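Below you'll find the structure, written out as structure tokens, and then a few comments.
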Amino acid sequence: MKEKALQVLLVEDNAGDVRLLREMFSKEKADSFELTHFLRMSEAVIHLAKGGVDLILLDMGLPDGHGLDTVRRAHAAAPGVPLIVLTGLDDELLAAEAMKEGAQDYLIKGQIENRALPRALRHAIERHRMQTKADLILTHQMQFKDEFLSHVSHELRSPLTAIYQFVTILLDKLAGELNTEQHEYLQIVLTNVKQLQSMIDDLLEVTRVQTGKLVIDLQCTSVYDAIVYAVNTLQGAATAKGINLSSDLEFRLPLVTADPTRLRQILIILIDNAIKFTPANGVVKVESRVFDEDSNLIILEVSDSGCGISPDMTERIFERLFQASDPDLAGRKGLGLGLFICKELVTRQGGQIWAKSAPGEGAVLSLTLPIFSLSNLIAPLLKDEAWPSDSVALMSVEISSPYGWPSKERREEWSRESRTLVQTCLLPDLDILLPKMDSEGTREVFFIVAFANDKGAAILAKRIREQFGHLEHLKHEGLNVSVTYKFLSPTPGDVVAPSKDTAGKMAARIDELIALESLERVVTS
Amino acid sequence: MSKKKILIIEDDPHVRLGYHVRLKANNYDTFFAADALTSMTEALKHQPDLIILDLGLPAGDGFVVMERLKANTYVATIPIIVVSGRDPSANRQRALRAGAKAFLQKPVDNDELLAAIRQCLDETNGLRQPELIPQA
């Protein structure tokens with residue numbers, strides 16, 4: 001069978017090199033390669049867009065492109081086409097970088113042997129084909145695994161529901177009286193149902209982590225509330241095991257930027273683990289304070305008087321599927337996913353988590369979270385730490401439901417959706433959407449700090465109103481959206497000179513305005 | 001006050017019975033439908049005060065049922081609580097947008113379910129307190 005000629009695209013501006021390469025190709029069998037040549041990247045990109053190219057030979061120093069940039073452009077124009085870079089003798093390092101960017105190989109000009117060229121081309125094509133195939137198989141496998149896990153965990157829920165329903169029906173004596181022994185045994189069933197349920201939840205959560213579907217909604221969050229909630233939730237489990245679970249919190253803990261639901265989830269996993277690994281009459285304690293090594297962070301610690309972790313294991317416990325090997329605890333194993341999930345959740349919220357322990361002396365699991373700071377949020381937008389020459393607006397987007405929200409869930413849903421919508425209207429280097437502060441009364445309020453003058457602010461406000469105007473179900477549910485703004489008025493002292501404290505001063509003004517705003521809202525409602 | 005009527009739309013017979021026993025013990029009357037087709041006729045026939053709806057159903061899923069219910073004047077205002085084993089991250093928003101009052105994941109805690117039911121019924125009874133107006 002006659003093979004189709006390989007279409008090779010040569011992008012090279014040096015006439016001598018072109019001649020040399022043409023010479024080499026001419027020695028090949030007449031119909032095995034077909035060479036197309038361009039001098040410039042811009043022409044090559046147009047040609048690539050038409051398709052049909054089997055391989056790109058790319059010089060890294062073109063009149064309209066240089067170095068790795070040319071590789072990226074070629075890749076962007078034809079992502080599926082293998083690429084070999086041509087480089088000078090002194091540029092081997094650069095060529096190696098190009099391979100990291102996805103080039104299959106590099107050839108050093110002046111050192112290309114006649115027979116080596118076609119071989120290199122065929123190798124590159126073959127290697128690329130195999131790589132593509134392997135990637136595809138891997139993607140399929142991952143997809144299948146995720147779908148499988150997701151499917152299985154959902155299918156398990158129905159039978160589990162029936163078990164839960166009837167165990168609780170018996171326990172609540174809806175089907176007649178129970179003797180002590182029966183009651184005790186049913187409690188055991190219930191405990192295991194709950195454990196099974198949390199395993200299924202963990203499975204799903206891990207699938208979400210790995211498919212990037214884990215949603216984290218960063219807000220201005222109270223660590224104090226989260227700890228109180230988690231401790232209350234697990235107090236029963238601790239008491240049942242004769243463990244003293246307590247918390248020791250600084251009176252005025254600063255707020256953090258975190259997802260409140262996720263924070264509670266993290267704490268519950270950590271405290272639950274601590275209880276699990278602590279024998280009867282032990283102690284589990286939750287503490288939190290400003291981190292003494294970095295005052296931008298808050299530290300949370302869950303300590304226990306349990307069996308401890310051997311030093312070589314303190315990092316491994318955060319690995320997926322890690323399980324304690326202690327035989328005493330074998331009966332109470334989970335899936336070994338809890339701490340893995342914790343680590344993912346903490347990292348995604350900008351914190352760190354680690355463990356310290358000596359065997360037999362209990363363990364301390366610590367995590368950090370960024371303290372909520374307006375000035376840190378604003379700082380990246382400031383040029384040279386100077387108060388911007390244009391004015392700065394504080395815009396508030398307020399969604400209200402005059403007839404009351406259909407449900408708490410629906411309201412949260414709206415809040416999330418609105419944030420996403422507002423976010424799409426913003427310019428990344430000029431506007432910031434502040435994390436959710438308090439949602440109060442009948443309204444959801446979002447604040448935006450916009451580096452904009454009168455006109456800019458008006459345009460942004462209009463854009464946001466229009467975006468909300470497109471939402472059908474907004475009208476359907478009778479919600480009102482209002483967008484208003486005020487300008488930050490710096491006191492004369494603020495503007496004088498650039499200083500490290502500009503962001504701080506600006507944050508203080510914003511704080512004042514927000515406070516004023518909520519005061520006005522209370523008065524007018 | 002007469003007993004409140006709850007229509008349970010759920011295809012698993014054991015789960016259905018489980019709801020029935022629990023709800024009866026809490027002084028509710030229960031009716032059942034096991035698929036999307038009978039859901040509509042049962043809703044029209046019994047005019048329940050509330051519907052508990054599963055999402056995975058034969059002959060059209062829970063979303064289809066919700067769409068039909070919401071399109072019929074005689075049953076459109078009946079509050080719906082979705083209780084499903086499906087992934088909330090993919091289905092909660094969709095369910096709430098389709099008109100459900102709440103989305104609960106299976107297995108749902110008894111107290112949580114009963115609280116959601118009470119809340120829905122209170123709201124439709126007009127017993128819900130108006131938002132507090134601060135005194136000037």
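In the text below, chain A, chain B and the rest are named by the order of the sequence lines, each starting its count at 1. Given the structure is predicted, the values throughout are model-derived calculations rather than measurements.
No other option in Leu204(A), Asp172(A), Ile163(A) has as many heavy-atom pairs under 4.5 Å with chain B as Asp172(A). Comparing Ser158(A), Ala175(A), Pro159(A), Ser153(A) by how many heavy-atom pairs each has under 4.5 Å with chain B, the most go to Ser158(A).
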Test side-chain contact (heavy atoms from CB on, under 4.5 Å) applied to Gln93(B) and Glu417(A), step by step = CA-CA 10 Å; Gln93(B) 190 170 0; Glu417(A) 196 179 336; 3.7 Å; yes
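Side chain of His154(A) to backbone of Asp87(B): a donor-acceptor contact under 3.5 angstrom is found.
Residues of residues 103-111 of chain B having a heavy atom under 4.5 Å from any heavy atom of chain A, listed by number: Phe103(B), Gln105(B), Lys106(B), Pro107(B), Val108(B), Asp109(B), Asn110(B). Using non-hydrogen atoms only and a strict 4.5 Å limit, the part of residues 16-42 of chain B facing chain A consists of Leu17(B), Gly18(B), Tyr19(B), Val21(B), Arg22(B), Ala25(B). Using a 4.5 Å heavy-atom cut-off against chain A, no residue of residues 50-71 of chain B qualifies as contacting.
Using a cutoff of 4.0 Å between basic side-chain nitrogens and carboxylate oxygens, Arg86(B) and Glu155(A) are not scored as salt-bridged.
Identified under the salt bridge (Lys or Arg N to Asp or Glu O under 4.0 Å) test for residues 158-169 of chain A, with sequence neighbours left out: none.
Within a 6.0 Å radius of NE2 in His14(B), no more than 12 heavy atoms belonging to other residues, nucleotides or ligands are found.
Asp12(B) touches chain A through its side chain: at least one heavy atom from C-beta onward sits under 4.5 Å away, while N, CA, C and O do not.
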